[in-house]
Structures are given as structure tokens and as C-alpha cells.
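Data first, discussion second: the structure below is written as C-alpha cells.
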Amino acid sequence: MRTMTAGNAGYLSGRNAVARCPFDLGRQLRRFQRYVETSDWDEQLIRFAARYDRALVYVVAGLALAAAFSLSQSL
């Protein structure tokens, strides 16, 4: 059973819910931390590491070709 803290009690009041800032950085960081702790994003990253590596190589190669083409057109 979770203990009632001042932060949890704030959710019970409708007045505080209206006055709460939607850009509260601390609240967003806590939500992101909860997401990281409860998701399997790191396992998915490891599973698709080869795909991400291949995509990164294609992006770098495409940027290099675009830069070479741009330099050849300006000369």
C-alpha cells in the first residue's frame, strides 16, 4: 500500500489540478523516469541495434554525398 504524500494529496484537489502548470519540468521528469523504469525500451534498442547502425551509416553516407555534390557544383 502506498503512503499518502503531499504530492499525491495534490492530485485529490480539483483546485490544484486547474492551477498546475502543464510545463512543470519536475513532473515531466518523474513521468519520463516512470516510463523508463516500466518499459522495455532498452531491450528493443539492443534487439534493433543492427538496424539502427545500418540506418546511421546510410544517413552519414547520404550527407557525405550531398556535401560532395554541393562542393562539386560550386567549383
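Only heavy atoms go into these numbers, but all of them, side chains included; no hydrogens, no water, no symmetry mates.
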Output side-chain donor-acceptor pairs under 3.5 Å for residues 49-61, partner residues at least two apart or in another chain, one line each.
none

Next on the checklist: Under the criterion side-chain contact (heavy atoms from CB on, under 4.5 Å), I'd like the reasoning laid out for Q28 against R31: C-alpha separation, chi angles, the key distance, then a yes or no.
Outcome noted: CA-CA 5 Å; Q28 290 178 359; R31 286 180 61 194; 5.6 Å; no
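- In this structure, CZ on R30 lies 9.5 Å from CG on L25, to the nearest 0.5 angstrom.
- Considering CD of E43 and CZ of R47, their distance stands at 7.0 Å, rounded to 0.5 Å.
- To the nearest 0.5 Å, atom OG of residue S70 and atom CG of residue L63 are 12.0 Å apart.
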